[in-house]
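When a residue number appears, it is its place in the shown sequence, counting from 1. Every number for a ligand or one of its atoms is a count from 1 in the order of the listing.
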Amino acid sequence: MNRPRIAVLASGRGSNMEAIADACADGRITADLALVLANNAHAGVLVSAAQRGLPHACIEHGEFADREAFERAMLAELRAQNIDIVVLAGFMRILTPLFIREYYGSLLNIHPSLLPKYPGLHTHQRALDAGDREAGATVHFVIPELDAGPAIIQARVAIHDGDRAEDIAARVQREEHRIYPLAVQWCATGRVVLKNGIALKDGEAISVETNNTTSTAVERS
Ligand code: GRF
């Protein structure tokens, strides 16, 4: 089988893109990072991609009349580059079914909470406000419902007394950089698939608990 071709879609700094690029370069991911695509010309991820000599492009969402026109432009670019797997890494645009349908089962996202807790924004502040003692990140398949797709892997971190949201964010991001390459490799090799709406790993349904119980898909550092 040919090596799968990955695109990372990002809007920000791109530290998860860098973690995935490193894993592609050193063989932890047996796929090629064939495109870094941003929706905003000022995204740091484009600078990082250029410095690493990675193919990169920007499609400004603001230049399109509506979401679907923007998505059609992205799909055209992804098709032109023969992209097999799309990895959202801090991509701050909500995708419609038009886009999701095309890459359904090959479209991953990372979200900075222990989903199903705290879909949406400001996850760490919400965890602090709720008095939670732990936070984390979840890699999941993307479905049309926001941050609600089947989980592939989660990582948990402790919340310490006196933590601010940014302290938690830094702790969670270190874990993101560990678990996202793992999940991408599992998808690239077909170990993890989305079948009938269920995420399977090695043929078994993945169960990710968001309480303190241990589950097969939770990797603790
Ligand atoms: C990550 O924290 C991720 O969980 C969220 O957006 C952030 C992206 O960070 N979806 P970076 O651009 O990869 O550094």
For atom 11 (P) of ligand 1, which of the options S15, G90, A170, A89 provides the nearest non-hydrogen atom? S15
Residues R191 and D202 bridged, charged N to O under 4.0 Å: yes
Going by the angle between their ring planes, with limits at 30° and 60°, are F70 and F64 parallel, tilted or perpendicular? tilted
Which option out of H124, Q173, M17 puts a heavy atom nearest to atom 9 (O) of ligand 1? Q173
So that I can tick it off, tell me whether E71 and R93 are bridged by a salt bridge, with the cut-off set at under 4.0 angstrom between side-chain N and carboxylate O. no
Salt bridge present between R126 and D132 (N-O < 4.0 angstrom): no
Which residue and heavy atom of the protein sit nearest atom 10 (N) of ligand 1, plus the separation: I110 O, 3.0 Å
Residue-ligand contact A10/ligand 1, heavy atom below 4.0 Å: no
Salt bridge or not between D163 and R171? Use side-chain N to carboxylate O under 4.0 Å. yes
To check your reading of the model: name the closest protein heavy atom to atom 12 (O) of ligand 1, its residue, and the distance in Å. G14 N, 2.7 Å
Short list, please: which atoms of ligand 1 are under 4.0 Å from a heavy atom of E176? 1 (C), 2 (O), 3 (C), 4 (O)
